[in-house]
Amino acid sequence: MSYEIATIPGDGIGPEVVDETLPLLHEAASRHGVEIEFTEYDWGTERYLETGQMMPDDALDQIVDADSILLGAVGHPDVPDHITLHGLLLPIRKEFNQQVCKRPSILFDGVESPLRGYESGDIDFVVYRENTEGEYSDAGGRVHQGFDHEVAVQSAVHTREGTETIVRAAFEAAREREGHMTSITKSNAQAFSMTFWDDVVEDVAEEFPNVEVESLLIDAGSMDLVRRPEEFDVLVASNLFGDILTDIGAIVSGSMGLAPSGNINVDDEYPSMFEPVHGSAPDIVGQGVANPMATVLSAAMLFENLGEDDVSDALWSAVREVLADDDAPATPDLGGSASTGDVVAAIEDRL
């Protein structure tokens with residue numbers, strides 16, 4: 001098989017890591033008879049600072065026919081986050097109907113959790129985050145700016161179709177994993193949107209009688225991800241709550257540099273997009289020490305989404321072997337002093 005992958009290296013450490021990682025992905029794919037062609041798009045804050053736009057007006061038309069998208073990072077210290085996100089990341093998620101955000105959190109062998117007493121395999125869960133509506137629907141506005149009676153309104157929008165899509169995806173994942181799903185809500189305070197969410201979970205649960213369902217409020221769920229992360233298997237949450245939970249999941253499993261994610265179009269009508277969770281990390285830009293593993297694992301999720309399980313499994317296994325090897329190079333976030341390129345080379349050696 002042959003695939004066209006759109007790459008958007010983006011901002012900060014994104015270009016550094018993507019540049020180091022692409023040859024590895026070529027090698028992993030070729031060993032399993034898969035051909036890939038990467039087409040790079042230089043969209044991001046450098047372009048914004050020059051032109052006032054994160055990407056051109058016809059950007060989505062340029063990448064709509066790609067088989068998938070690999071994103072490096074979005075964000076720049078000199079540009080407000082709402083501009084970078086709404087100028088690039090969110091338009092892709094929304095216009096390509098990437099309703100499902102999937103983010104696994106795994107405590108790998110050789111990685112130390114900041115939580116005392118946890119060892120390899122003790123933490124292994126995945127968060128399914130609604131990705132195109134909810135609290136990030138961009139519904140609202142500001143009026144009377146600059147006056148004492150200024151008003152700001154930000155409304156969450158939850159549709160039955162969108163909520164059912166993410167909830168059903170989470171149930172399907174739980175059925176394939178340990179048979180336990182946790183729904184994160186806030187129905188005690190948000191008596192319209194979150195009771196609606198609870199109703200949808202209850203409705204969809206009838207299709208999955210073998211899946212045990214737990215419901216937690218976001219405050220209790222956030223606490224329990226720190227207090228008892230080993231008890232979670234699959235979590236499902238609205239856009240904002242999922243955003244919070246996935247960052248907690250990334251850090252309790254050892255490092256933001258190990259956290260991959262996928263923004264998935266469930267109908268395959270548009271390309272899905274895969275990206276590391278760590279962001280642009282402006283504090284280490286240009287040092288060549290960014291951890292490439294989150295990008296490699298995001299690419300593994302990309303290949304899995306394309307149906308190329310052998311390539312995906314090879315990348316997952318190689319990363320696991322490097323992490324488990326005390327003599328293997330490690331970047332500073334994992335207590336080492338190796339460069340991005342050193343770690344990529346170590347992963348390639350173990351393909």
Side-chain angles (χ1 to χ4, degrees), residues 6 8 10 43 54-55 59-71 73-75 81-104 126-141 153-173 181 183-186 190 192-194 196-201 203-204 218 234-247 249 259-277 279 298 301-302 305:
I8 307 172
W43 304 337
M54 293 287 291
M55 57 184 181
L60 300 184
D61 291 336
Q62 293 185 39
I63 62 175
V64 67
D65 293 326
D67 294 299
S68 195
I69 304 166
L70 181 65
L71 174 68
V74 178
D81 285 344
H82 71 273
I83 291 177
T84 55
L85 291 176
H86 286 268
L88 195 154
L89 184 59
L90 297 186
I92 294 175
R93 287 179 179 174
K94 292 180 179 180
E95 294 302 318
F96 288 166
N97 203 29
Q98 295 169 349
Q99 295 173 292
V100 172
C101 181
K102 178 183 177 182
R103 293 188 175 183
V126 59
V127 176
Y128 279 76
R129 167 191 175 187
E130 197 291 312
N131 209 36
T132 60
E133 51 181 51
E135 300 88 352
Y136 291 4
S137 297
D138 201 26
V153 175
Q154 189 89 37
S155 297
V157 178
H158 300 269
T159 68
R160 177 164 285 273
E161 191 274 337
T163 307
E164 284 188 355
T165 295
I166 189 63
V167 168
R168 184 167 287 107
F171 268 108
E172 290 171 349
M181 191 198 78
S183 173
I184 302 296
T185 182
K186 190 59 180 172
Q190 297 176 324
F192 300 120
S193 62
M194 289 293 101
F196 166 78
W197 177 279
D198 293 341
D199 289 344
V200 172
V201 171
D203 291 345
V204 177
I218 178 60
V234 175
L235 299 94
V236 63
S238 66
N239 211 324
L240 176 60
F241 296 165
D243 197 3
I244 295 168
L245 294 171
T246 51
D247 277 5
S261 74
N263 306 277
I264 300 169
N265 174 263
V266 297
D267 299 322
D268 292 329
E269 295 180 0
Y270 298 97
S272 297
M273 179 170 63
F274 299 84
E275 58 175 316
V277 175
S298 296
M301 294 177 67
L302 181 155
N305 183 253

Asks: Any sub-3.5 Å donor-acceptor pair from Asn97's side-chain atoms to Asn265's backbone N or O?
Replies: no
Asks: So which heavy atom on Val234 is nearest to which on Ala170, and how close?
Replies: CG1-O, 3.6 Å
Asks: Nearest 0.5 Å, please: how far is CD1 in Ile83 from CG in Leu88?
Replies: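 It comes to 13.0 Å.
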Asks: Is Pro260 close to Phe274 at the side-chain level, that is, under 4.5 Å between some pair of heavy atoms?
Replies: no
Asks: So, for Gly134 and Ser137, which heavy atoms are closest and what is the spacing to 0.1 Å?
Replies: O-OG, 2.7 Å
Asks: Using the test salt bridge (charged side-chain N to carboxylate O under 4.0 Å, His left out), find all partners of Lys186 that sit at least two apart in sequence or belong to another chain.
Replies: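 If we apply the salt bridge (charged side-chain N to carboxylate O under 4.0 Å, His left out) test to Lys186, skipping adjacent residues, the hits are Asp219.
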Asks: Among residues at least two apart in sequence or on other chains, which ones pass ring-ring contact (aromatic ring centres under 6.0 Å, His included) with Phe96?
Replies: Tyr270
Asks: Roughly how far apart are Leu90 CG and Glu95 CD, rounded to 0.5 Å?
Replies: 11.0 Å
Asks: Give every residue pair that meets the salt bridge (Lys or Arg N to Asp or Glu O under 4.0 Å) criterion with at least one member in residues 127-137, sequence neighbours excluded.
Replies: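 Passing the test, one end in residues 127-137: Arg129-Asp243.
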Asks: For the atom pair CD1 (Ile69) and CD1 (Ile92), what is the distance rounded to the nearest 0.5 Å?
Replies: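 Going from CD1 on Ile69 over to CD1 on Ile92, the span is 5.5 Å.
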Asks: Rounded to the nearest 0.5 Å, what's the gap from CG on Asp81 to CG on Leu89? Could you check?
Replies: 11.0 Å
Asks: Which atoms form the tightest heavy-atom contact between Ala169 and Val100, and what is the distance?
Replies: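 Of all heavy-atom pairs spanning Ala169 and Val100, the closest is CB-CG2, 4.0 Å.
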Asks: Is a side-chain donor or acceptor of Ser261 paired with a backbone partner of Glu275 at a separation under 3.5 angstrom?
Replies: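 Yes; at least one donor-acceptor contact below 3.5 Å.
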Asks: Please check: side-chain N/O of Asn131 versus main-chain N/O of Gln98, any donor-acceptor pairing under 3.5 Å?
Replies: yes
Asks: Under a 4.5 Å cut-off applied to non-hydrogen side-chain atoms, are Leu245 and Ile218 in contact?
Replies: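 With C-beta onward as the side chain, the pair touches.
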Asks: Under the salt bridge (Lys or Arg N to Asp or Glu O under 4.0 Å) rule, what pairs show up with a residue in residues 158-172, not counting sequence neighbours?
Replies: Arg160-Glu164, Arg160-Asp203, Arg168-Glu207
Asks: Quick check for you: to the nearest 0.5 Å, what is the distance between Ile166 atom CD1 and Lys102 atom NZ?
Replies: 11.0 Å
Asks: Would you give the length of the straight line joining atom OG of Ser238 to atom OH of Tyr136, rounded to the nearest 0.5 angstrom?
Replies: 9.0 Å
Asks: Do Met55 and Ile8 have side chains that approach each other closer than 4.5 Å (heavy atoms only, starting at C-beta)?
Replies: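 A side-chain contact is absent here, since even the closest heavy-atom pair is not under 4.5 Å.
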Asks: Which residues pass the ring-ring contact (aromatic ring centres under 6.0 Å, His included) test with Trp197, sequence neighbours left out?
Replies: none
Asks: Please enumerate all residues that pass side chain to side chain contact (heavy atoms under 4.5 Å, CB included) together with Ser193, with sequence neighbours excluded.
Replies: His158, Gln190
Asks: Got Thr246 and Val277 here, is their nearest side-chain heavy-atom distance under 4.5 Å?
Replies: no
Asks: State, to 0.1 Å, how close Ser298 and Pro276 come at their nearest heavy-atom pair, and which atoms those are.
Replies: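 Taking every non-hydrogen atom into account, OG-N, 3.4 Å.
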Asks: So, for Ser68 and Ser272, which heavy atoms are closest and what is the spacing to 0.1 Å?
Replies: OG-O, 3.2 Å
